[in-house]
Protein chains: 2
Amino acid sequence: MAARVDRLFEVFDRLFAIKEECSSEIFCECGLDDITSRQIDYLKVIDEHRDVTFSRLAEITKNSKPTITEMVDRFVQIECAYRQRSPDDGRVVHIRLTEKGQMIANVEQNALYRMIDRMVQMLDEDEVDLLVEILRKVG
Amino acid sequence: MAARVDRLFEVFDRLFAIKEECSSEIFCECGLDDITSRQIDYLKVIDEHRDVTFSRLAEITKNSKPTITEMVDRFVQIECAYRQRSPDDGRVVHIRLTEKGQMIANVEQNALYRMIDRMVQMLDEDEVDLLVEILRKVG
DNA sequence: TATGATTAGGTAGATCCTAACTAACAGGTA
DNA sequence: TACCTGTTAGTTAGGATCTACCTAATCATA
């Protein structure tokens, strides 16, 4: 089984490298190769909580409101988010992600889709079915 | 094929999540859940260039020597590296990784090994062989 | 003297904070 | 209706801390 483990390691190492390439590709396409992991985390929270306000985001992330203002200012600057004043209450501002912001918030899934696109080009339908069948036993 | 792609996405999403768990597990075990990606990059360089000196590391990473001194000081503090004075030349100090430092420098591979360990427990030998055969066509 | 590393001192940017402020709303009162 | 008041949402000002870099000067060894 040890040799089998090694072979598995090899093919998965290659696969993970491909996904890494896809991630980097996405960051480059967005012109954001120096974004911090903290910023990506915030983008994810904003993406998950649609229509989130500054106060709510401060609550969720356990930060002060000025911290959120600052963070969103930076997102606006790098074109990942924009402000949208609420039509119901002039005091309230919703934080919305741009297409770029959404792309980065979901960079893992997007990279995975790209990786799988590459995979299916190399495999026929039976192989894909077999792959799914085997891997379902793992998860 | 669209449904097949979705199924592939599902199983791989789960697989990547497992690897993520393994990575976090390793960082936690090392007591280093707040290490920066920059620091990990430096650990990788130190790991790849065995017996590297301060001057050499400054050269490789295109940084000043004080930057390296500071970085290594931090690694020593978090028990990822230690200094070893050269027996041949009293001026020279080699940067060496501790076991913990090596674990973090290779966290991706180590997490992958853990993931594969989990996989082989769920699969028989034929399934592993089949998996390798199919995935080799991708890389 | 030249080299390898360290020390001292400093800058820039990210990520946090409190206190004070502005704008907008909501309710009561004249 | 018009005005006053208190509350709420977000911003501004100013500051602290940390990472990650730097130059210039220093120390130890060759």
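As the structure is a computational prediction, the values presented were derived from the model and not from experiment. Sequence lines set the chain letters: A, B, ... in the order given, protein chains first and strands last, and positions in each chain run from 1.
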Pick base, sugar-phosphate or nothing for [X], based on heavy-atom distances below 4.0 Å to the nucleic acid.
| X | value |
| --- | --- |
| T67(A) | base |
| R83(A) | sugar-phosphate |
| T69(B) | base |

Could you tell me how far apart [X] ([atom1]) and [N] ([atom2]) are, to the nearest whole angstrom?
| X | N | atom1 | atom2 | value |
| --- | --- | --- | --- | --- |
| F75(A) | dT15(C) | CZ | C1' | 12 Å |
| D73(A) | dT11(D) | CG | P | 7 Å |
| L57(B) | dG4(C) | CG | C1' | 14 Å |
| I68(A) | dT18(C) | CD1 | P | 13 Å |
| Q77(B) | dA20(D) | CD | P | 13 Å |
| I95(A) | dG10(D) | CD1 | P | 8 Å |

Does a side-chain heavy-atom distance below 4.5 Å link [X] with [Y]?
| X | Y | value |
| --- | --- | --- |
| Y42(A) | N63(A) | yes |
| V107(A) | C30(A) | no |
| I46(B) | F75(B) | yes |
| I26(B) | M103(B) | yes |
| L32(A) | K100(A) | yes |

Query raised in the report: Is there a residue in residues 58-65 of chain A whose heavy atoms reach under 4.0 Å of DNA chain D, and which residues are they?
Result: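 Of all residues in residues 58-65 of chain A, the ones placing a heavy atom under 4.0 Å from DNA chain D are K65(A).
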Report task. Return the residues of residues 40-53 of chain B meeting this criterion: a heavy atom under 4.0 Å from some atom of DNA chain D. Order them by number, or give none. Result ->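 Residues of residues 40-53 of chain B that come under 4.0 Å of DNA chain D are, in numerical order, Y42(B).
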Report task. Would you check, one step at a time, whether the test side chain to side chain contact (heavy atoms under 4.5 Å, CB included) holds for R14(A) with V138(B)? Result -> CA-CA 9 Å; R14(A) 180 73 198 113; V138(B) 176; over 6 Å; no
Query raised in the report: Taking atom CZ of R38(A) and atom CD1 of I40(A), what is their separation to the nearest 0.5 Å?
Result: 12.0 Å
Query raised in the report: Could you state the interatomic distance from CG (D47(A)) to CZ (R50(A)), rounded to the nearest 0.5 Å?
Result: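 Interatomic distance, D47(A) CG to R50(A) CZ, rounded to 0.5 Å: 4.5 Å.
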Hey, are [X] and [Y] close enough for a salt bridge, meaning a charged N less than 4.0 Å from a carboxylate O?
| X | Y | answer |
| --- | --- | --- |
| R7(A) | E10(A) | no |
| E20(A) | K19(B) | no |
| E25(B) | R118(B) | yes |

Requested in this report: Taking ring pair (Phe, Tyr, Trp, His ring centres under 6.0 Å) as the test, write out the residues that go with F27(B), two or more places apart.
Outcome: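 With sequence neighbours excluded, F27(B) shows a ring pair (Phe, Tyr, Trp, His ring centres under 6.0 Å) to no residue whatsoever.
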Table of protein N/O atoms under 3.5 Å from nucleotides 10-14 of chain C N/O atoms:
none

Report task. Please report the C-alpha distance between L131(A) and F12(B) in whole Å, then the side-chain angles of each, then the deciding distance to 0.1 Å, and finally whether the side chain to side chain contact (heavy atoms under 4.5 Å, CB included) criterion is met. Result -> CA-CA 10 Å; L131(A) 196 56; F12(B) 273 103; 4.2 Å; yes
Donor-acceptor pairs are to be reported for all side-chain atoms of residues 119-127 of chain A against protein atoms at under 3.5 Å, with residues two or more places apart or in another chain.
residue: D124(A); atom: OD1; partner: D126(A); partner atom: N; Å: 3.1
residue: D124(A); atom: OD1; partner: E127(A); partner atom: N; Å: 2.9
residue: E125(A); atom: OE1; partner: R4(B); partner atom: NH1; Å: 3.3
residue: E127(A); atom: OE1; partner: D124(A); partner atom: N; Å: 2.9
residue: E127(A); atom: OE2; partner: K137(B); partner atom: NZ; Å: 2.3

Report task. Could you run through nucleotides 25-30 of chain D and give me one letter per nucleotide, 5' to 3': B if any protein heavy atom sits under 4.0 Å from the base, S if only the sugar-phosphate is that close, - if neither? Result -> ----BS
